[in-house]
Amino acid sequence: MTGNPSQEDDYTTTVRPEQHALYTGSFRDLTAKYFPTSAWPAPEAVASECSNDELFLALYNELTLRHLQSVKRPSVRDRIDGWHAYRRLFDFILSEAPSEDETKSDKDRLYLIPEWCFDILHEFLYQFQGFCQFRTTTYCAAAKTADDPDKSPPSHVMDAIHALSENRDAWAVETVLFYLHRLVRVGLQKNANATHRYLAYFSSVTLSRLECLLGDYRASIAALDVIYDSDAEAVAVGEDVKSPEELVNGVFPARLSLTYHAGVSFLMLRRYKDAARMLGGICLFMQRGFKTGQLRKIPGSDQFNKLFDRMIALLAIVTHICPTPLLDDSIASVVREKHANNLSKIESGEEGYEELFVFACPKFVNPAVPDYDEALKPEAPAMPYGQDAYKLQVHHFMNEMAAHQTLRKMRSYMCLYTSIGVEKLATFNDMKVDDFEPWLTCFKHKMYQLERGLAPVDPTSKSTKGEQQVKQDKMGTAMDIHYFVAANVAHVDEAEKTRRFENFFMKQIANNDDILRQVERLRVDIV
């Protein structure tokens, strides 16, 4: 980390706990009491109460629209109005950012707590995803009746197509990307205030999620570089100073979104060890949080169980492909308990990966605007541009997994020998030698991957935290065996195992704490 960030002024330090209480407590209580299934008053109705402050009204509009869309199914007009509301809000927020030649004090009237910043961006992308799905569904509904001259699309479908045709730029992916990249760039300026820094780092989380939904997994991982940058400037959060990674981890829904989508991206990039480490770490944290009840106190906790189950399914895939032990024993046992049937299907040669992936993957979207006129013509494609983004990603995944069925069988035989003839090994795998030999190379290639590792810090670095190592990707293997072929004989050896004892001691310490708590609860009467 470089530099000492200037502390927030007295106003910001004072307003933060008050805003936190109002946003996370009072607003939700008032909504539940007075507007449980209806909309808050329109911005025009409350404009006189805030002297027509445009920034306040833009924030109020986003907050109330977010509530309304959570309690009712939005119409096409609601979705388009949401798009204009977010554009207006982001334009105001960006206009509040100081330019490079201004100081923070020139424009510093905006302060939003980190939780609010993430919720705005999270909902922004959620509505983009919903609009893309709605657009595709509307096209498909119209195309179904195009071949039948006696039928016409339902009136609500025609109304939706008319509205979508008139607003083709609504939720355009290039504009969504523009705002996210712009928020990141503005928030990383040296003179950016606390709120714009929060928005920058949470925008990178949102950008990672967007790239994952679009199927660009490298871009999804690259979007997180600003968070894991060892030279990133620290951020003031009230009286605390946090690194960008600590800021994101401090807002649990942001940490969960980052980890889930990065885990999916690592899996699709064949970075199995990174996927296992990232997903396994947060699943262990969530498992403990469920036991203590800590996670139930966080707003939106009803979604945590669903994401936990999805990540456990992803871990079932990863650990089956990559048998190197990377998970905590408690999480490994949860994986076995929940998905033993699917894994046994895979072992017996049946298809089990697709069921796991369909359950665990996000809802991928096609950002291209359909040709609505085409949908109304006879013989129109059933899907826009003839492809379903969701099915396309599942198909890519299954193509990759098809090779692993052969590789898994080959590995099971190689584990039984220290040396075995290639011809004999080919016979075990029901192949001819000429067909089998490429699989020996394929196995190494499939399991050779980038890994997040540590590298020595450059002595010329400006780091002030005294770190001796920084995160750096390196090439490695996810195989638990080593082998090479010489004179038509495959020589096999187990991968070097590092003996680690900390897990044993930590488990015994935890057991000891449980026993002590049970003893303290015992009632002993001394006569």
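Because the structure is predicted, anything quoted here is derived from the model rather than measured.
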task: Determine whether I93 and H196 make a side-chain contact, defined as any pair of heavy atoms from C-beta on separated by less than 4.5 Å.
output: yes
- prompt: If only atom types and distance count, is the side chain of T24 paired as donor or acceptor with the main-chain N or O of H20 below 3.5 Å?
  reply: yes
message: I need the H339 NE2 to L314 CG distance, nearest 0.5 Å.
response: 9.0 Å
task: Kindly give the heavy-atom pair with the smallest separation between S204 and L224, and that separation in Å.
output: O-CD2, 4.0 Å
task: Kindly indicate whether the side chain of I113, heavy atoms from C-beta on, has any atom under 4.5 Å from the side chain of Y111.
output: yes
message: Tell me whether T259 contacts the main-chain N or O of L256 through its side chain, where contact means a donor paired with an acceptor under 3.5 Å.
response: no
task: Answer yes or no on whether R255 is positioned over the face of F285, meaning its NZ or CZ is under 6.0 Å from the six-membered ring centre and within 45° of the axis.
output: yes
- prompt: From L210 CG over to L125 CG, what is the distance, rounded to the nearest 0.5 angstrom?
  reply: 5.0 Å
Minimum side-chain heavy-atom gap F27-L22 below 4.5 Å: no
message: So Y260 and P362, do their side chains get closer than 4.5 Å, heavy atoms only?
response: yes
- request: Step through the shown structure and confirm whether more than 12 heavy atoms of other residues, nucleotides or ligands are within 6.0 Å of CD on E400.
  value: yes
- request: Check whether the ring centres of F90 and F124 lie less than 6.0 Å apart, and answer yes or no.
  value: yes
message: To the closest 0.5 Å, what do you measure between CD (Q287) and CD1 (I331)?
response: 4.0 Å
message: Salt bridge check, R73 against D78: does any charged N sit closer than 4.0 Å to a carboxylate O?
response: no
Donor on one side chain, acceptor on other, D328 and S330, under 3.5 Å: yes
- request: Starting at CZ of F92, measure out to CZ of F56 and round the result to the nearest 0.5 Å.
  value: 13.5 Å
message: Parallel, tilted or perpendicular: which one describes the rings of W171 and W83, with boundaries at 30° and 60°?
response: tilted
- prompt: Please walk me through it: do E62 and Y86 pass side chain to side chain donor-acceptor pair (under 3.5 Å)?
  reply: CA-CA 7 Å; E62 188 278 333; Y86 276 106; 2.7 Å; yes
field: Gap separating the SG atom of C322 from the CG atom of L315, nearest 0.5 angstrom
entry: 11.5 Å
Side chain proximity check, Q19 to W116, heavy atoms < 4.5 angstrom: yes
- prompt: Does R310 count as lying over the ring of F359, i.e. NZ or CZ under 6.0 Å from the six-ring centre, within 45 degrees of the axis?
  reply: no
message: Taking the ring centre of each residue, are F266 and Y217 less than 6.0 Å apart?
response: no
- prompt: Hey, is OH on Y126 packed in by over 12 heavy atoms from elsewhere, all under 6.0 Å?
  reply: no
field: Over 12 non-hydrogen atoms of neighbours within 6.0 angstrom of CZ in R218
entry: no
message: Taking salt bridge (charged side-chain N to carboxylate O under 4.0 Å, His left out) as the definition, give me every residue that meets it alongside K338, ordered by chain and number, with sequence neighbours left out.
response: D309
query: Any idea which heavy atoms bring I221 and A262 closest together, and the distance?
result: CD1-O, 3.9 Å
- prompt: Around atom CD of Q69, are there more than 12 heavy atoms of other residues, nucleotides or ligands at under 6.0 Å?
  reply: yes
- prompt: Going by heavy atoms in the side chains, are D240 and E246 under 4.5 Å from each other?
  reply: no
- prompt: Within a strict 4.5 Å, meaning less than it, do heavy atoms of the H67 and V71 side chains meet?
  reply: yes
Min side-chain heavy-atom separation L295-F252 under 4.5 Å: yes
- prompt: What class does the angle between the rings of F308 and F290 fall in, given that below 30° is parallel, 30 to 60° is tilted and above 60° is perpendicular?
  reply: perpendicular
- line: For residues 172-182, the side-chain hydrogen bond (donor to acceptor under 3.5 Å, both in side chains) pairs (sequence neighbours left out) are R87-Y179, D91-Y179
- prompt: For the residue pair L188 and A200, what are the closest heavy atoms and their distance?
  reply: N-CB, 4.3 Å
message: Please report the interatomic distance NE2(H320) to OH(Y272), rounded to the nearest 0.5 Å.
response: 13.0 Å
message: Could you check whether Y23 and D119, counting side-chain N and O atoms only, form a donor-acceptor pair closer than 3.5 Å?
response: yes
- prompt: Does H122 reach the main-chain N or O of F202 with its side chain, forming a donor-acceptor pair under 3.5 Å?
  reply: no
